[in-house]
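Computed from a predicted model, the values in this text were never measured in an experiment. Each chain gets a letter, A, B and so on, in the order the sequences are listed, and its residues count up from 1.
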Amino acid sequence: MGRNDARRGKAYWQRELETLPRRDLEALQLGRLQKTVAQVARRTPFYQAKLAAAGVRGRDVRSLHDVRRLPFTTREDLRATYPCGLLGVPREQAIRLHTSSGTTGKPKAILFSARDVDHAATLMARCLVMSGATRGDVLQNMMTYGLFTGALVMHYGAEKVGMLVIPAGPGSTERQIMLMQDFGTTAIHLTPSFALYLADVLEKRGLDPGRDLSLRLAYVGAEPYTEQTRRKIEEALGVAVFNSYGLSEMNGPGVAFECGARGGMHLWEDHFLMEIVDPATGAPVPDGEHGELVLTTLMREAMPILRYRTRDITAIVRGRCSCGRTHRRIERIAGRADDMFIVRGVNIYPQQIERVLMGLPSLGRNYQIVLDGLDEMTVRVELASTGFDGRIEHLVRLQQEASEALRAEILLRPTVDLVPAGTLPVSEGKAQRVVDRRKL
Amino acid sequence: MHRVRLVAVFVEDKLGALARATKVLAEADVNIRWVGIASGERVGVVRFLVDRVPDAQKALAAHGFAVSLNEVLALEVEDRPGGLAHVAAALAGHEVNVLNASGFVVTSGKRAVLIIEVEDVARAQAALKGQHVHFISEEELIRL
């Protein structure tokens, strides 16, 4: 693999596996699925009970379609089996614990065997190489190291590729800049808000990333961001930003990632079996339609999980990708299944609204969606604390712009009510953003 | 350059906010010389001409109001038929875009004040040059 190939995004970390013909890939998936089901049926009392309740035995899985006969696993199941109830190997074989942040009560515990850690790193290495990173690149990892999977999986994957990894962690902007300059950092891993903050500090210090830094790649995650924010980061830091998808329950980052074509994220189907289902009924939806992403681990040793309800809404991107990889792509996550609401027959997620509002700089972060009357939707949003210039024409225009930007995203035009900063109740969870007063 | 500053407050519920804002100003011992409410599609802006701009701004911001300053022009217009027409014709002749305007009489039959907010202050000043229009400064306006 030459460095130039990597820069053009034509390089692979595991060419054969990444470009495996679909038939072979599906055969590989079936074998691994059968093995996974056999393992949990033998070793995990939780799944023994679930399989028995569903009336399914390991040998009933004869084709990939039979995955639909298997029971789902939910977040609640993971909490109920905390800490070690889903272990599929003796406890001594688990060498790493990560947790997924729980908003209330116990977190979800994810245990990794040595092989699982290696696999997570391998998938991350595929993603990094796919984005154009190569041996000799310098990755400054500005994510939090700890129970959160983000920083460590990236760290291990980058080391596998042969990048020089600087485990800087978040914050200390001055030191970050010093390290970037002294070690010629070419890639950064950070949150979108920190990326924008970093760009701001660089500008204030009179530093031009194009001249004073060597950055070319940015892995941005852990918070949702808009395409507009992506372009803003790309411009301000002189980098290419790649969308990625991951969740702690499935190793963390690197489950799905964009290639150079940037037309959706390739999901590594030799490690995860994906389904898109109707979030209400659990029934499969056709390719290209939105639904909840359901993942089954195919290579997980310590903690195999069957049909995990991610609650993330996405759709499979139809067609083959120009990059040559055969692993199917998913669209960027549209929202969380639990938060969905329906207006005039259109499924809408608060996250869609949030992304649009975040893309308009004069608006604040606090918003509320009010459903009223005969299916009328009003988005109440605070003006940014610095967004008021005393001119009512500007407020009216901003309301119209926000309304139009929302229409482009959700396909119906809501009324937008601009309110002064500090007016709306501070929302704890996303679901509370929606106030439904409809009498339908 | 006789620019006059107005203290502008972004409000949601106009009358309720007006009551709260004026109370805040009273407590800060700020005297209001003029007030205007502008309404757009579901948004409102209340603007005050006050004797002590920095104090008003500080007090309102401290009470959570979104505050901004607007620069406007204040003109003295004769309080007689055609007084305003004269000014309006001059502005129109120079294609000055007037965003907001309001007027009040200071001495009946003698003096009236016209407050105008324009997109381009320099253009408005040029338009009114040689038209026997007297620009009133902020200090003058407060003393009226």
Side-chain angles (χ1 to χ4, degrees), chain A residues 343 353 356-357 360-374 376-407 412-427 433 435 437, chain B residues 3-21 24 34-50 53-54 56-58 60-73 97-102 115-121 138:
Chain A
V343 177
I353 307 289
V356 171
L357 298 178
L360 296 166
S362 308
L363 299 181
R365 290 219 154 194
N366 221 357
Y367 69 95
Q368 200 175 44
I369 299 159
V370 181
L371 308 175
D372 216 337
L374 286 171
E376 296 297 333
M377 175 175 172
T378 302
V379 176
R380 288 160 53 79
V381 58
E382 288 183 3
L383 188 68
S385 51
T386 53
F388 180 59
D389 65 357
R391 301 266 297 264
I392 195 155
E393 316 80 59
H394 291 170
L395 299 176
V396 171
R397 196 186 310 153
L398 188 57
Q399 282 186 163
Q400 289 161 347
E401 273 172 22
S403 181
E404 176 52 33
L406 286 166
R407 191 204 55 78
L412 57 89
R413 187 188 298 277
T415 301
V416 173
D417 273 1
L418 216 49
V419 300
T423 309
L424 296 175
V426 177
S427 178
R433 301 268 196 197
V435 180
R437 298 195 197 113
Chain B
R3 297 186 190 198
V4 174
R5 293 170 299 170
L6 297 182
V7 178
V9 183
F10 173 28
V11 298
E12 197 196 356
D13 149 39
K14 285 186 285 278
L15 279 178
L18 181 63
R20 284 189 300 123
V24 168
W34 174 92
V35 63
I37 301 183
S39 295
E41 294 170 39
R42 303 173 311 281
V43 282
V45 174
V46 180
R47 302 195 295 175
F48 300 102
L49 172 67
V50 296
V53 171
Q57 222 181 343
K58 221 166 97 186
L60 288 167
H63 282 79
F65 284 98
V67 191
S68 179
L69 290 184
N70 281 178
E71 285 195 339
V72 297
L73 293 173
N97 185 18
V98 176
L99 301 166
N100 289 294
S102 85
I115 291 177
I116 57 171
E117 185 182 1
V118 295
E119 223 155 55
D120 188 342
V121 174
E138 195 176 302

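The shortest heavy-atom contact between A/V381 and A/V416 is CG1-CG1, 4.0 Å.
For B/V46, no part lies under 4.5 angstrom from a heavy atom of chain A. With a 4.5 Å cut-off on non-hydrogen atoms, B/V11 touches chain A through its backbone but not through its side chain. Interface remark: B/L69 contributes backbone atoms only to the contact with chain A (heavy atom separation under 4.5 Å).
Taking the ring pair (Phe, Tyr, Trp, His ring centres under 6.0 Å) definition, one finds that B/F48 meets it with nothing, sequence neighbours left out. For B/F65, the ring pair (Phe, Tyr, Trp, His ring centres under 6.0 Å) test picks out no residue, with sequence neighbours left out. In terms of the side chain to side chain contact (heavy atoms under 4.5 Å, CB included) criterion, residue partners of B/A38 (sequence neighbours excluded) are, by chain and number, A/I392.
Rounding to the nearest 0.5 angstrom, the gap separating the CD1 atom in B/I37 from the CG atom in B/L15 is 6.0 Å.
Between A/L363 and A/L398, the closest side-chain pair of non-hydrogen atoms falls below 4.5 Å. Using a 4.5 Å heavy-atom cutoff, the side chains of A/V419 and A/L424 are in contact.
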Put together the list of donor-acceptor pairs under 3.5 Å connecting chain A with chain B, please.
unit_1: A/R380; atom_1: NH1; unit_2: B/E12; atom_2: OE2; d: 2.9
unit_1: A/R380; atom_1: NH2; unit_2: B/E12; atom_2: OE2; d: 3.3
unit_1: A/D389; atom_1: O; unit_2: B/S68; atom_2: OG; d: 3.3
unit_1: A/D389; atom_1: O; unit_2: B/N70; atom_2: ND2; d: 3.0
unit_1: A/Q399; atom_1: NE2; unit_2: B/E41; atom_2: O; d: 2.7
unit_1: A/Q400; atom_1: NE2; unit_2: B/E41; atom_2: OE2; d: 3.0
unit_1: A/V416; atom_1: O; unit_2: B/R42; atom_2: NH2; d: 2.8
unit_1: A/D417; atom_1: OD1; unit_2: B/R42; atom_2: NE; d: 2.4

